[in-house]
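Here's the structure we're looking at; comments come further down.
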Amino acid sequence: MAQGRIIPMVDMARLFAKRGVLATIITTPFNAARMKTTVDQVIESGLPIQQIQLPFPSREAGLPDGCENFDSIPSLARLARKTSRTVLRRDSACPKLYNFRYVPPMDNEDSPQTRDTKACVPGRCCFALLFAHNLHQYRPFESVASEHEPFVVLGLHHRIEITKAQCPIEIVGQSYFDILSNRIQEADCTSYGVVSNSFYELEPDELEPEYVEKYQKAIGKKVWTIGPVSLCNKETSDKAARGNKASISESQCLTWLNSKEENYVVYACFGSASYVFPSQLMEIGLGLEASNQPFIWVIRRSNDMSTEVENWLDGLVERVQARSLIIRGWAPQMLILSHPVIGGFLTHCGWNSTSEGICAGVQMVTLPIFSEQF
Ligand code: UDP
């Protein structure tokens, strides 16, 4: 229940529907409302897609009403502490959610096997999946003395060093993530295979078989690479409506972009869920100012700022307003990235953003923040 997962899932549903397969998106009311424009557009185009809404027990989980997505949570730690003990337990607060079983309508005599086939969509590329798999299996982080001591992850052709602080928390462990992590593993184990938003040629391993093949071998299951799924958004209106309602209109955004020189603008955005600390925010702002390039900078609304930081930001906006566009809230990222004036992308390396940056053919400057982004 995070935009980084929901957005590519909706793209996947469209891809399946384009092949004539009925795609059903099961989600909660708040998330359903957010994807309504996109889903309506798909339905209008005649593709077989439908939505089923399930209530989400925000209150039982100790969260405000309508708090159904990572980006509406005040902090990740709060979410984890509050919800892992309630929402994620089948037997407790939300039987409706966990007892829900969806049996898709079938036209003809499909074999029972079809109904049992489950594939999981982990939202990472195969390299990152294999990396996490090996991290989990060999547990090299257990032999380091501190969070910041580098270690090498075994079983990869490339020599990759990482620290415990940079590893996904569901693997290196924080007690409140245990239940969530077990649930994910349980789902992984019972699934028939993995669908990855990647493509074979993107993940080569020079000498040995590609990472897709290696990951497939490591888990002993089928892996389908069907990415980059974002490319199913061909029309400008599809690109502009992707995810949330943008905080800037399509025409305002295009007017600004069209006034700039080709390949010259820097786009800075750190995804849907990352929290950027005030000190980092100020450094990023100063860096963009010092770049002397025109830029678009997306600042998430939930990035609460003190009056002091707000005032500082106002000062920066005034100094750079002739060449910058600052979006507070949600940006139409695909619309922006696919515009020819964008030459660089300052990204947090979320897998969707990374793959969208690759598709747009822009240079990327990376600032990983959490999870597999490092
Ligand atoms: N996104 C967007 N506008 C924003 C922020 C994010 O359209 O202002 C989209 C972006 O195009 C991507 C997704 O949200 O498809 C973010 O996914 P990603 O894996 O990059 O990062 P996460 O949000 O999971 O950290």
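Both counts, for ligands and for their atoms, begin at 1 and track the order of listing. Here the structure is a predicted model, which is why all the values come from computation and not from measurement.
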Closest protein heavy atom to [atom], given as residue, atom name and distance to 0.1 Å:
| atom | answer |
| --- | --- |
| atom 20 (O) of ligand 1 | Ser353 OG, 2.5 Å |
| atom 24 (O) of ligand 1 | Gly4 CA, 3.4 Å |
| atom 12 (C) of ligand 1 | Glu356 OE2, 3.5 Å |
| atom 19 (O) of ligand 1 | Asn352 ND2, 2.8 Å |
| atom 5 (C) of ligand 1 | Trp330 CZ3, 3.5 Å |
| atom 13 (C) of ligand 1 | Ile7 CD1, 3.9 Å |
| atom 3 (N) of ligand 1 | Ala331 O, 2.7 Å |

Practice task
Indicate the ring-plane relationship of Tyr215 and His133, choosing parallel, tilted or perpendicular according to the 30° and 60° boundaries.
Solution key: perpendicular
Exercise for the section: If the plane angle is over 60° it's perpendicular, under 30° parallel, otherwise tilted; pick one for Tyr275 and Phe277. Expected result: perpendicular
Handout entry: Short N-O contact, Glu235 and Arg242, less than 4.0 angstrom
Key = no
Exercise for the section: Decide, yes or no, whether a salt bridge links Asp71 with Arg34 under the criterion of side-chain N to carboxylate O below 4.0 Å. Expected result: yes
Exercise for the section: Could you establish whether Ala2 and ligand 1 come within less than 4.0 Å of each other, counting only heavy atoms on the residue side? Expected result: no
Handout entry: Distance filter under 4.0 Å to Val298 heavy atoms, resulting ligand 1 atoms
Key = 8 (O)
Completion exercise
ligand 1 atoms nearer than 4.0 angstrom to some heavy atom of Trp351 are 19 (O)
Selection from [options] by shortest heavy-atom distance to [atom]:
| atom | options | result |
| --- | --- | --- |
| atom 23 (O) of ligand 1 | Gly271, Cys269, Ser272 | Ser272 |
| atom 22 (P) of ligand 1 | Lys239, His348, Gln3 | His348 |
| atom 10 (C) of ligand 1 | Arg124, Gln333, Arg242 | Gln333 |

Side chains of [X] and [Y] only: does a donor on one sit below 3.5 Å from an acceptor on the other?
| X | Y | value |
| --- | --- | --- |
| Ser353 | Gln333 | yes |
| Thr28 | Asn31 | yes |
| Thr38 | Arg14 | no |

Per-pair distances, 0.1 Å, donor-acceptor, side chain in residues 141-151, under 3.5 Å, sequence neighbours excluded:
unit_1	atom_1	unit_2	atom_2	d
Glu142	OE2	Arg139	NE	2.8
Ser143	OG	Pro140	O	2.9
Ser146	OG	His148	N	3.1
Ser146	OG	Glu149	N	3.3
Glu149	OE1	Ala145	N	3.0

Handout entry: Heavy-atom closest pair, residues Gly227 and Phe199
Key = O-CB, 3.7 Å
